[in-house]
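Convention: sequence-line order gives letters A, B, ...; per-chain numbering from 1.
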Number of protein chains: 2
Amino acid sequence: MTTATTELETIQREVETHGHGRVPRELRRRQILAIAEDLFVERGYAAASMDDLATRIGVSKPVIYEIVGRKDVVFEACVGRVADALAAHVAAAVAGAGPADEHAGLRAGALAWFDFIGERRGLWEALLSSRDVPTTEAVESIRVRQDRWVATHLVASAEARGRPVDETLAGAVATAMNGAFEALGRWWHDHPHRSASELADLYTDLMLPGLTSLLDVADR
Amino acid sequence: MTTATTELETIQREVETHGHGRVPRELRRRQILAIAEDLFVERGYAAASMDDLATRIGVSKPVIYEIVGRKDVVFEACVGRVADALAAHVAAAVAGAGPADEHAGLRAGALAWFDFIGERRGLWEALLSSRDVPTTEAVESIRVRQDRWVATHLVASAEARGRPVDETLAGAVATAMNGAFEALGRWWHDHPHRSASELADLYTDLMLPGLTSLLDVADR
DNA sequence: AGTAGTAACCTACTTTGAGTAGGTCGACAA
DNA sequence: TTGTCGACCTACTCAAAGTAGGTTACTACT
């Protein structure tokens with residue numbers, strides 16, 4: 001749970017350990033991604049140039065292309081890191097709520113979700129939402145992953161309650177739920193005085209009734 | 001209700017009417033936007049070059065910059081046209097359902113929405129969803145417009161039922177609802193054998209229960 | 001008819017930034 | 001001593017956005 005800055009500082013210290021700028025591949029890779037994340041957050045995708053990135057790292061462009069790859073690949077890697085962290089955060093919260101109570105689970109997951117993006121507004125905005133991101137494969141693939149996770153969870157939880165659901169249905173519902181999450185994340189950006197807890201309440205109140213009725217009634 | 005192709009053909013015919021390629025400003029503008037729409041759909045934002053666009057129109061680049069503006073402005077204008085058409089389509093359907101019945105209104109709106117994007121998959125994908133669009137101001141502004149429309153409708157309809165709601169709450173709910181729409185639109189792309197009507201049913205079943213309970217209970 | 005003004009259009013750039021070809025330099029192994 | 005390998009560099013190419021400054025034809029007025 002270290003912040004991005006601290007992580008970057010750790011990496012930088014380790015980089016300086018090595019001789020005349022000659023840094024092993026894996027460490028260089030982590031350094032590139034950490035610095036790229038900052039750059040994308042500050043400038044946005046389009047305005048962040050590979051030349052800038054190279055300069056900040058203190059290295060020439062071909063090194064980036066050798067170690068990570070093209071600009072969109074660098075971006076995708078950054079998004080992936082954030083997605084992993086978010087998924088872990090939410091999964092832990094939902095698991096903590098126990099499998100029995102659908103309401104508690106949804107509410108805990110929603111809270112964890114809003115908590116996470118609330119703590120990293122800038123990061124979230126820059127990498128996933130609105131202005132200027134090229135909404136590449138990267139964003140789509142993280143959506144798919146989140147959708148699948150939620151769908152799997154819905155299926156498992158329905159099964160645990162003895163009311164198995166159609167997987168396709170669960171997939172569609174999961175997608176819609178995540179779409180609502182994303183949208184509320186954007187809404188929050190324009191109404192920052194709201195708390196994560198209020199958002200989670202609203203989300204739960206809005207989605208839970210339909211969710212239970214849909215999943216409990218049938219598999220149509 | 002003419003399709004994009006027919007509209008383009010009409011414009012082209014009118015363009016050919018005029019003398020040696022000398023076309024009045026307004027007509028040229030409509031021609032540029034119609035052709036640009038096709039180009040963006042075929043190639044996506046990034047891969048569609050202004051040179052290509054100019055060549056297709058049969059004109060040099062500065063003309064585009066003079067009449068419409070920079071690449072992102074051209075894109076925004078294209079998105080705006082689609083957004084207008086969608087909004088009109090949905091609004092008409094909802095109005096047709098009458099103000100009294102919340103269920104019928106939501107269901108009709110959802111159906112109109114899915115109908116619209118179903119008929120123009122390519123267009124929708126290219127302009128608003130996933131891969132490669134720079135998710136600029138354009139997309140954000142159309143979201144805001146849709147959100148506002150839904151929010152206004154929610155407030156009005158709640159008032160008509162004698163249970164006024166907090167506008168902020170309505171705004172948040174509207175945003176979440178539209179986020180779910182967008183997400184299901186993407187989901188549909190991966191499950192094309194579903195019908196618009198099925199999607200509308202699913203959407204209604206999922207959102208309506210929470211919606212009514214949220215809006216009818218209180219303004220908290 | 002002659003001429004001024006202007007709307008529509010053009011050629012030919014500049015600039016920016018992604019991506020690459022083909023090297024240097026030092027460490028360590030045989 | 002020489003080979004080779006890993007980390008890194010200079011110095012490009014290429015594509016595409018955006019622009020400066022001109023040209024042409026049509027209209028309107030004298």
Considering only [options], which nucleotide approaches the side chain of [X] most closely?
X	options	answer
A/Pro62	C/dA18, D/dC9, C/dC10	D/dC9
B/Val23	C/dA18, D/dA17, C/dC9	C/dC9
A/Pro24	D/dA16, D/dA7, C/dA18	D/dA7
A/Ser60	D/dA17, D/dT10, C/dA8	D/dT10
B/Arg25	C/dA8, C/dT20, D/dA16	C/dA8

| Between B/Trp113 and B/Trp124, is the ring centre distance below 6.0 Å? | yes

| request: Check whether NZ of the Lys or CZ of the Arg B/Arg120 lies under 6.0 Å from the centre of the six-membered ring of B/Phe116 and within 45 degrees of that ring's axis. | output: yes

| query | Is B/Lys71 close enough and on-axis enough to B/Tyr45, meaning under 6.0 Å and within 45°, for cation-pi? | reply | yes

To the nearest Å, how far apart are [X] [atom1] and [N] [atom2]?
X	N	atom1	atom2	value
B/Glu66	D/dT23	CD	P	18 Å
B/Asp72	D/dG18	CG	P	7 Å
A/Ile67	C/dG19	CD1	P	17 Å

| query | So does B/Arg186 pair up with B/Glu182, basic N to acidic O under 4.0 Å? | reply | yes

| task | Between A/Arg70 and B/Gly58, just flag the one whose closest nucleotide in DNA chain C comes earlier from the 5' side. | result |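 Final value for this comparison: B/Gly58.
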
| query | Do B/Arg28 and B/Gln31 get their side chains close enough for a donor-acceptor pair, meaning under 3.5 Å? | reply |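 Distance-only check passes for B/Arg28 and B/Gln31.
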
| query | Is the phosphate of D/dC8, meaning OP1 or OP2, less than 4.0 Å from a side-chain N or O of A/Arg28? | reply | yes

| hbond_proxy A/Arg22 side chain to C/dC25 base (donor-acceptor, 3.5 Å cutoff) | yes

| query | Between the base of D/dG18 and the side chain of B/Lys71, is there any donor-acceptor pair under 3.5 Å? | reply |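 Answer is no: no donor-acceptor pair is held.
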
| Sugar-phosphate only, base, or nothing, as touched by B/Ser49 at under 4.0 Å among non-hydrogen atoms |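 B/Ser49: backbone/sugar contact only, no base atoms under 4.0 Å.
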
| query | When all nucleic acid strands are considered with a 4.0 Å heavy-atom cut-off, which category describes B/Ala48: base, sugar-phosphate, or nothing? | reply |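 If one applies the 4.0 Å heavy-atom cut-off, B/Ala48 turns out to touch the sugar-phosphate alone, with no base involved.
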
